[in-house]
Chemist: 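Submitted below is the structure of interest, expressed as structure tokens.
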Protein chains: 2
Amino acid sequence: MARTQGSHAGITGPRIRDAALRLFAEHGFAAVSMRQIASAVGLQAGALYNYTPDKQALLFSLMKEHMDDLLGDLARLPSSASPSARLEAFVRFHIAFHLERPELVFIAYMELRNLTPENFAVIEGLRRDYENALQRILSDGVASGCFEVADTKLATLAVIAMLTGVTTWYRPDGRLSVPEVQDLYWDMVRKSVSA
Amino acid sequence: MARTQGSHAGITGPRIRDAALRLFAEHGFAAVSMRQIASAVGLQAGALYNYTPDKQALLFSLMKEHMDDLLGDLARLPSSASPSARLEAFVRFHIAFHLERPELVFIAYMELRNLTPENFAVIEGLRRDYENALQRILSDGVASGCFEVADTKLATLAVIAMLTGVTTWYRPDGRLSVPEVQDLYWDMVRKSVSA
DNA sequence: TCAATATCTGAACGGGCGTTCAGATCAACC
DNA sequence: GGTTGATCTGAACGCCCGTTCAGATATTGA
């Protein structure tokens, strides 16, 4: 027998993932070469193919894991509270989650068109699951009379777009802390769907 | 003497611009080659260089003209009305303008990182001018008591992000007309900044 | 009609691309 | 300590890249 697992596989794999994440976020998927990724990890390009079947799979796995994390964490939010409390929890969660991983968020939004049609369909389905979770909250709130929203689908997309925009300007060393940002966005969202 | 102007220049130039616009929007700047653009216009790649010094200038001119159009049209909105009326006009204008040119909007948001630092600074400056116009409206409204906004800078970015998101889902043959979309977004924005 | 010149072609330049693979290297188990 | 197999190198494959430019082509003013 020999090694049951590659001795470096457990280290090199994540390092490749991190390098690809950083480079894709900075320059874009199409503008980053496998040789650049390999160089960032201290490898030759060929060695990458011990860890990914091809460049496309590298992008897809980053986006897929990101969406799985997003939906997994979302599912842990309390679902029995009032629509207003659930909406507040959603807003605060969305902001915190996205600010914790700006590079993944950037990739997940910008590189959709670089996915193969099959991979795109998978990510798009997960994205829709996420949107549906918010739409459910808004619908419940409208049904119970605590929200007044003319079109829950449009409101869902509007709220998500507004919240996700935080990643384009927030800086950890900036004027506002994360809780302050959460408070400010929650105040706007709360009013925008209020009766 | 000979031709005072190239007989095709007035036709080929815009055709190159349009092809580049379409291809950049569909595949991304980095993923589109000069040969693809030339082929879409029925030329060899070398001929493009009669119309643009290089690929970067092609991207920059698209984005620069887009921002100039945006700011030019914005300046035509009435500026003497009440903050509330000015905000409504801004919201309706932003939606209509962006839905009329989804490809340019897409490029202007997605390809910023493919600009040279100098070109990026120019576009970023114009973008800030646009944001400042909205922030002025919000500040005036806060000063006159008709708006209640805790942080006008954050609210500015939040509103723009929310409105621009319309381009990611709106389809001309979809469920909602442009005026309906404008009404729905204006309703949400109005409430989100209300006192 | 013909000279002038705007426009375009076609080939070339040096270089980088994603991917493959034979063989070198090296760590873990017997 | 030798064997095994995971890991990696280095070279190669065919192809495409942005850009340049000499020369062909096309159109207009004279």
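Since we're looking at a predicted model, the values are computed, not measured. So that the names make sense, note that chain A is the first sequence line, chain B the second, and so on, each numbered from 1.
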Chemist: Taking side chain to side chain donor-acceptor pair (under 3.5 Å) as the cut-off, I'd like each qualifying pair that reaches into residues 17-32 of chain A, sequence neighbours left out, listed once.
Modeler: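 Of all non-adjacent pairs touching residues 17-32 of chain A, those that pass side chain to side chain donor-acceptor pair (under 3.5 Å) are R17(A)-E65(A).
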Chemist: Look at R127(A) together with E131(A) and state whether they make a salt bridge at an N to O cut-off of under 4.0 Å.
Modeler: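 Judged by the 4.0 Å cut-off on N to carboxylate O distance, R127(A) and E131(A) do not form a salt bridge.
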Chemist: For dC8(C), does OP1 or OP2 lie under 4.0 Å from any side-chain N or O of T12(B)?
Modeler: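 Yes, because at least one side-chain N or O of T12(B) sits under 4.0 Å from OP1 or OP2 of dC8(C).
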Chemist: Between Q44(A) (CD) and dG10(D) (C1'), how many Å, whole number?
Modeler: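 Rounded to the whole Å, the gap is 7 Å.
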Chemist: Pairs under 3.5 angstrom, nitrogen or oxygen only, protein versus nucleotides 17-23 of chain C, please.
Modeler:
unit_1: dC17(C); atom_1: OP1; unit_2: S33(A); atom_2: OG; d: 2.7
unit_1: dG18(C); atom_1: OP1; unit_2: V32(A); atom_2: O; d: 3.4
unit_1: dG18(C); atom_1: OP1; unit_2: M34(A); atom_2: N; d: 3.4
unit_1: dG18(C); atom_1: OP1; unit_2: K55(A); atom_2: NZ; d: 3.1
unit_1: dG18(C); atom_1: OP2; unit_2: M34(A); atom_2: N; d: 2.7
unit_1: dG18(C); atom_1: N7; unit_2: R35(A); atom_2: NH1; d: 2.7
unit_1: dG18(C); atom_1: O6; unit_2: R35(A); atom_2: NH2; d: 2.9
unit_1: dT19(C); atom_1: OP2; unit_2: Y49(A); atom_2: OH; d: 2.7
unit_1: dT19(C); atom_1: OP2; unit_2: K55(A); atom_2: N; d: 3.0
unit_1: dT19(C); atom_1: O5'; unit_2: Y49(A); atom_2: OH; d: 3.3
unit_1: dT19(C); atom_1: O4; unit_2: R35(A); atom_2: NH2; d: 3.3

Chemist: Rounded to the nearest angstrom, tell me the gap between atom CZ in R15(B) and atom C1' in dT7(C).
Modeler: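 The distance from CZ of R15(B) to C1' of dT7(C) comes to 14 Å, rounded to the nearest Å.
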Chemist: Atom CG of L43(B) and atom C1' of dG10(C): how far apart are they, to the nearest Å?
Modeler: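 My rounded result for the distance is 13 Å.
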Chemist: Is the backbone N or O of D140(A) less than 3.5 Å from a side-chain atom of S144(A), with the two atoms forming a donor-acceptor pair by type?
Modeler: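 Pair found, side chain donor or acceptor close to backbone of D140(A).
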Chemist: Donor-acceptor pair, distance only, cut-off 3.5 Å: does the side chain of T52(A) make one with the backbone of Y49(A)?
Modeler: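 Here the side-chain-to-backbone pair does not exist.
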Chemist: What donor-acceptor contacts under 3.5 angstrom involve side-chain atoms of residues 71-79 of chain B, with partners at least two apart or in another chain?
Modeler:
unit_1: D73(B); atom_1: OD1; unit_2: R76(B); atom_2: NH1; d: 2.8
unit_1: R76(B); atom_1: NH1; unit_2: G72(B); atom_2: O; d: 3.4

Chemist: Using whole Å, report how far CD1 of I37(B) lies from P of dT19(D).
Modeler: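 Going from CD1 in I37(B) over to P in dT19(D) covers 10 Å.
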Chemist: Counting heavy atoms from C-beta on, name the nucleotide in dT7(C), dC8(D), dT9(C) closest to the side chain of Y51(B).
Modeler: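 The answer is dT7(C), which lies nearest to the side chain.
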Chemist: Find the bend of the helix from dT1(C)-dA30(D) to dC30(C)-dG1(D) as the angle between its two terminal axes (five pairs each), to the nearest 10°.
Modeler: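 The angle, to the nearest 10 degrees, is 10°.
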Chemist: Could you give the side-chain donor-acceptor pairs of residues 94-111 of chain A under 3.5 Å, partners two or more places apart or in another chain?
Modeler:
unit_1: H94(A); atom_1: ND1; unit_2: Y130(A); atom_2: OH; d: 2.6
unit_1: H94(A); atom_1: NE2; unit_2: T164(A); atom_2: OG1; d: 2.9
unit_1: H98(A); atom_1: ND1; unit_2: H94(A); atom_2: O; d: 2.9
unit_1: R101(A); atom_1: NH1; unit_2: F97(A); atom_2: O; d: 3.0
unit_1: Y109(A); atom_1: OH; unit_2: T164(A); atom_2: OG1; d: 3.3
unit_1: E111(A); atom_1: OE1; unit_2: N114(A); atom_2: ND2; d: 2.6
unit_1: E111(A); atom_1: OE2; unit_2: F29(A); atom_2: N; d: 3.0
unit_1: E111(A); atom_1: OE2; unit_2: R113(B); atom_2: NH2; d: 3.0

Chemist: Taking atom CD1 of I137(A) and atom CG of N132(A), what is their separation to the nearest 0.5 Å?
Modeler: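 Nearest 0.5 Å value for the CD1-CG distance: 11.5 Å.
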Chemist: Scan the side chains in residues 146-158 of chain A for donor-acceptor partners under 3.5 Å anywhere in the protein, sequence neighbours excluded, and list what turns up.
Modeler:
unit_1: D151(A); atom_1: OD1; unit_2: K153(A); atom_2: N; d: 3.2
unit_1: D151(A); atom_1: OD1; unit_2: L154(A); atom_2: N; d: 2.9
unit_1: D151(A); atom_1: OD1; unit_2: R175(B); atom_2: NH2; d: 3.2
unit_1: D151(A); atom_1: OD2; unit_2: R175(B); atom_2: NH1; d: 2.6
unit_1: D151(A); atom_1: OD2; unit_2: R175(B); atom_2: NH2; d: 3.1
unit_1: T152(A); atom_1: OG1; unit_2: Q135(A); atom_2: NE2; d: 3.1
unit_1: T156(A); atom_1: OG1; unit_2: T152(A); atom_2: O; d: 2.7

Chemist: Could you tell me the separation between the CD1 atom of I11(B) and the C1' atom of dT7(C), rounded to a whole number of Å?
Modeler: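 My rounded result for the distance is 12 Å.
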